Student: 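I have a structure here, written as structure tokens, and I will follow up with some questions on it.
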Amino acid sequence: MEAGDAPEAVLDSVAADGPLLAHHGIRFVSAREGRAVVQAKAMEVMVNAGGRVHGGLAFLMADTACAYALRSMGPGGVTQNANMTYLNAVEAGMLLEAVAEVVKAGTRMASLKAEVRAGERLVAHGIFNFALRPS
């Protein structure tokens, strides 16, 4: 985990998520002004019976990036609903990057979008709705 470019509130969240991020090999890259980036190298241990990396890694990365993107704007939140679409398979060893952006944040809810890529290849994308909680 690296400090990256982010407000202190985001860095506090990254530190609190440390064990989860480390377990899945996720590295925080940046979060500022409603946009966040995380990366992970798909590990062999994540390969499923179909011979590909389980889609849960892409979902976890997208959801985590969304949380940091939202937190970069001030309020924290929790995922209330998410819709993820998987487009391409991931193989062990691939470097994945999730980029999330806040689409709209209100007083009680926020909507975000995320993409997960392996290089230039779009692996998955999703829409996430977060219920805001007091800072």
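The structure presented is a predicted model; accordingly, all values stated were derived computationally and were not measured.
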Student: What's the spacing between Leu87 CG and Thr85 OG1 if we round to 0.5 Å?
Tutor: 6.5 Å
Student: I'd like to check Leu132 versus Leu70 (side-chain heavy atoms, cut-off strictly below 4.5 Å). Are they in contact?
Tutor: yes
Student: With rounding to the nearest 0.5 angstrom, report the CG to CZ distance, Asp63 to Phe128.
Tutor: 5.0 Å
Student: Check the surroundings of atom NE2 in His24: do more than 12 heavy atoms from other residues, nucleotides or ligands lie under 6.0 Å from it?
Tutor: yes
Student: Report yes if some heavy atom in the side chain of Val37 is under 4.5 Å from a heavy atom in the side chain of Glu97; otherwise report no.
Tutor: yes
Student: Which pair of heavy atoms, one from Ala42 and one from Val90, lies closest together, and at what distance?
Tutor: CB-CG1, 3.9 Å
Student: Group every Ile, Leu, Val, Met, Phe, Trp and Tyr by side-chain heavy-atom contacts under 4.5 Å, then state whether Leu57 and Val45 land in the same group.
Tutor: yes
Student: Apply side-chain contact (heavy atoms from CB on, under 4.5 Å) to residues Glu101 and Leu112 and explain how you reach the verdict.
Tutor: CA-CA 6 Å; Glu101 294 182 32; Leu112 300 96; over 6 Å; no
Student: So which atom in Val123 and which in Ala118 form the shortest heavy-atom distance, rounded to 0.1 Å?
Tutor: CG2-N, 3.7 Å
Student: For residues Ala124 and Ala58, report the shortest heavy-atom separation together with the two atoms involved.
Tutor: CB-CB, 4.4 Å
Student: In Å, rounded to the nearest 0.5 Å, how long is the span from CZ of Phe59 to CG of Asn83?
Tutor: 9.5 Å
Student: Could you pull out the closest heavy-atom pair between Met61 and Leu96, with the gap in Å?
Tutor: CE-O, 3.5 Å
Student: Main chain of Gly55, side chain of Tyr86: is a donor-acceptor contact present, judged purely on distance under 3.5 Å?
Tutor: yes
Student: Drop me the distance from Lys113's NZ to Arg35's CZ, to the nearest 0.5 angstrom.
Tutor: 10.0 Å
Student: Could you go step by step and tell me if Arg27 and Leu21 meet the side-chain contact (heavy atoms from CB on, under 4.5 Å) rule?
Tutor: CA-CA 7 Å; Arg27 183 177 72 85; Leu21 300 178; over 6 Å; no
Student: Check Leu95 against Gln39 and note the closest heavy-atom contact, atom names and distance.
Tutor: CD1-CB, 4.4 Å
Student: Hey, which of Asp17, Val14, Thr64 is the one that makes side-chain contact (heavy atoms from CB on, under 4.5 Å) with Phe28?
Tutor: Val14
Student: Which atom pair, heavy atoms only, marks the closest approach of His54 to Asn48?
Tutor: CA-ND2, 3.9 Å
Student: Is Val116 close to His125 at the side-chain level, that is, under 4.5 Å between some pair of heavy atoms?
Tutor: no
Student: Glu33 versus Ser72: any side-chain heavy-atom pair under 4.5 Å?
Tutor: no
Student: Please round to the nearest 0.5 Å and tell me the distance separating atom CE of Met109 and atom NZ of Lys104.
Tutor: 12.0 Å
Student: Quick one: CE on Met46 to CD on Glu91, what's the gap to the nearest 0.5 Å?
Tutor: 15.5 Å
Student: Do Ile127 and Leu60 sit in one hydrophobic cluster, given that two such residues count as connected whenever their side-chain heavy atoms are within less than 4.5 Å of each other, even indirectly?
Tutor: no
Student: Report yes if the side chains of Leu122 and Glu115 come closer than 4.5 Å at any heavy-atom pair, otherwise no.
Tutor: yes
